[in-house]
Amino acid sequence: MPVRWKPGASAYTDAPGRLKVSLLHEAASPAQGAGHPGWAIVRWEDSSPGVPDAELAHLTERLYRVENSRNRSSGGSGLGLAIASALVSAHEGELVPGHSTLGGLRWDIRLPLLST
């Protein structure tokens, strides 16, 4: 169920703004082997504005900002996503950007499940 927040609560989402957070399970691929337990995915999607395809791969680079939606006047130094990516990577996961079904940006935080 989408969550609504007050205008101005997010520097990178147009008012009134919508956010959808999901928890998913993904099976391991054959290339990862039969012993791989699969992935837990936390999916974070927001409403517009989105990010152009060409910018998606750069969002976790240190000090990188998309000019129209993530500039110094609207806040941020371009370090937050680089730090988040490093934390997820330290847990053998991935932080994967994409396009949201709500019209904005989607982030998948993919973390390996523990073997039992």
Rounded at 0.5 Å granularity, tell me how far [atom1] in [X] sits from [atom2] in [Y].
X: S100; Y: K20; atom1: OG; atom2: NZ; answer: 7.5 Å
X: L95; Y: I83; atom1: CG; atom2: CD1; answer: 12.5 Å
X: D108; Y: L24; atom1: CG; atom2: CG; answer: 7.5 Å
X: W107; Y: D46; atom1: CH2; atom2: CG; answer: 11.0 Å

Compare all side-chain heavy atoms of [X] with those of [Y] and state whether any distance is below 4.5 angstrom.
X: H99; Y: L105; value: no
X: V88; Y: L111; value: yes
X: T101; Y: E45; value: yes
X: R43; Y: V21; value: no

Verdict with reasoning, I109 to W44, per side-chain contact (heavy atoms from CB on, under 4.5 Å): CA-CA 8 Å; I109 302 170; W44 178 282; 6.0 Å; no
For residues [X] and [Y], report the shortest heavy-atom separation together with the two atoms involved.
X: W39; Y: E92; value: CZ3-O, 3.9 Å
X: S47; Y: G17; value: OG-CA, 3.4 Å
X: P37; Y: H25; value: O-NE2, 4.0 Å

Would you say L19 ends up clustered with L81 if hydrophobic residues are merged whenever their side chains have heavy atoms under 4.5 Å apart, either directly or through other cluster members? yes
Can you see whether E94 engages S89 through a side-chain donor-acceptor pair at a distance of less than 3.5 angstrom? no
